[in-house]
Amino acid sequence: MANVDRKWLPPVLIAVATAASVAVYSRVPPLVDLQLAGVLPFSVSEPARPAQREFVLFLMPVLALLVWAAFRAAPTSAGQRIGRRLFRNAPEAVTSPEQFDRFGSTYDTIVLGVVLLFIGLHAAVLSAVLQYPAMASRIIPMVLGVSLVLMGNVMPRLRPNWVAGLRTKRTFEDPQLWRSAHRAFGAAFVVSGLLTMIVGFLAPRYGLVTGIVSVLASCAVGFVASTRRSLPPPPVAGQGVE
């Protein structure tokens with residue numbers, strides 16, 4: 001039941017975000033001069049041009065819906081054909097729909113983390129549109145941090161697939177290397193998320209930059225971990241080592 005809820009929670013969040021935009025539609029002028037003061041530790045010299053109200057209010061929900069639909073289409077036969085074209089040298093099991101069933105709850109959690117990031121950005125945009133820039137500056141790093149912790153916590157349970165994770169020829173061919181690399185990758189994501197939330201709470205102007213730098217550092221950690229030679233399995237008790 002929990003897995004079913006996790007699978008369908010993203011479209012519920014998208015629907016709520018869309019409803020929130022509809023609710024404030026009449027309070028927003030046709031042209032929006034979006035000000036995100038305090039989101040960055042430096043000021044932007046050239047102000048952004050006003051954007052259409054519909055674009056500002058519905059961009060993130062639409063993007064979130066498209067991303068969610070793409071994730072949901074990946075574990076299908078049509079998704080398998082796309083995966084085979086993108087990763088021609090990968091083992092066939094990596095792109096098979098059956099492979100995704102092996103880590104379904106983990107996959108659903110990662111999808112939720114990605115969609116949650118879009119919805120959080122949407123909440124920050126709405127806060128800025130309604131003249132609450134200080135709230136927007138805190139929402140962005142907090143949501144980014146929560147998403148990183150959520151995804152990083154389940155990253156070690158990922159299995160080789162063509163959608164999520166460190167998808168290289170070596171990790172596809174070496175299950176042990178895949179596991180060890182994603183343990184390091186997931187731990188880096190969790191640390192990055194916690195650091196982003198702490199900085200976002202104490203110094204909101206530096207929260208987004210901290211999150212971006214932390215994500216890049218986590219990707220570097222994952223890349224290094226994926227290039228290391230996997231250790232041989234320990235010898236079975238009772239067998240000698242030649």
Side-chain angles (χ1 to χ4, degrees), residues 1-18 60-121 143-194 215 218-219 221-222 225-226 230:
M1 182 64 181
N3 187 32
V4 174
D5 294 342
R6 197 178 309 165
K7 181 178 181 179
W8 294 107
L9 186 56
V12 172
L13 293 176
I14 295 170
V16 170
T18 304
M60 288 302 167
V62 170
L63 290 178
L65 181 61
L66 293 175
V67 169
W68 175 77
F71 272 113
R72 294 268 54 95
T76 64
S77 299
Q80 181 181 20
R81 290 193 293 269
I82 296 175
R84 293 305 303 166
R85 292 179 181 177
L86 294 177
F87 300 95
R88 297 181 182 277
N89 297 324
E92 187 173 353
V94 168
T95 59
S96 67
E98 293 76 17
Q99 177 75 342
F100 288 87
D101 294 335
R102 299 180 57 196
F103 59 99
S105 60
T106 298
Y107 184 75
D108 292 338
T109 301
I110 290 178
V111 175
L112 175 60
V114 175
V115 171
L116 182 63
L117 181 56
F118 281 96
I119 301 305
L121 292 176
V143 173
L144 176 57
V146 169
S147 298
L148 290 174
V149 171
L150 186 65
M151 291 186 287
N153 188 51
V154 300
M155 197 78 72
R157 298 201 293 269
L158 270 180
R159 293 295 177 265
N161 71 95
W162 70 275
V163 179
L166 302 166
R167 295 150 297 169
T168 66
K169 187 175 184 295
R170 290 192 62 193
T171 56
F172 279 157
E173 294 177 349
D174 188 341
Q176 186 176 351
L177 177 61
W178 174 281
R179 288 192 293 269
S180 62
H182 284 80
R183 282 195 294 268
F185 195 30
F189 257 44
V190 171
V191 173
S192 297
L194 294 175
V215 169
S218 298
C219 292
V221 169
S226 68
S230 60

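No hydrogens, no waters, no symmetry mates; every other heavy atom, side chains included, goes into these values. Here the structure is a predicted model, which means the values were calculated and not measured.
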Shortest non-hydrogen contact between [X] and [Y], atoms and distance:
{"X": "F100", "Y": "A74", "answer": "CE1-O, 4.2 Å"}
{"X": "R157", "Y": "F103", "answer": "O-CB, 3.8 Å"}
{"X": "W68", "Y": "I14", "answer": "CB-CD1, 4.3 Å"}
{"X": "S218", "Y": "S192", "answer": "OG-OG, 2.6 Å"}

Within the structure provided, determine whether [X] and [Y] are in side-chain contact (heavy-atom separation under 4.5 Å).
{"X": "D101", "Y": "P97", "value": "no"}
{"X": "R170", "Y": "S226", "value": "no"}
{"X": "T109", "Y": "L150", "value": "yes"}
{"X": "V111", "Y": "K7", "value": "no"}
{"X": "L65", "Y": "P61", "value": "no"}
{"X": "F71", "Y": "V115", "value": "no"}
{"X": "R179", "Y": "P156", "value": "no"}
{"X": "L112", "Y": "L13", "value": "yes"}

[X] side chain to [Y] backbone, donor-acceptor under 3.5 Å:
{"X": "S147", "Y": "G113", "answer": "yes"}
{"X": "T171", "Y": "L166", "answer": "yes"}
{"X": "R167", "Y": "W162", "answer": "yes"}
{"X": "W178", "Y": "L158", "answer": "yes"}
{"X": "R84", "Y": "A90", "answer": "yes"}

Are R72 and D108 close enough for a salt bridge, meaning some N to O gap below 4.0 Å?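 Salt bridge: yes.
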Test log, rule side-chain contact (heavy atoms from CB on, under 4.5 Å), inputs V143 and L121: CA-CA 8 Å; V143 173; L121 292 176; over 6 Å; no
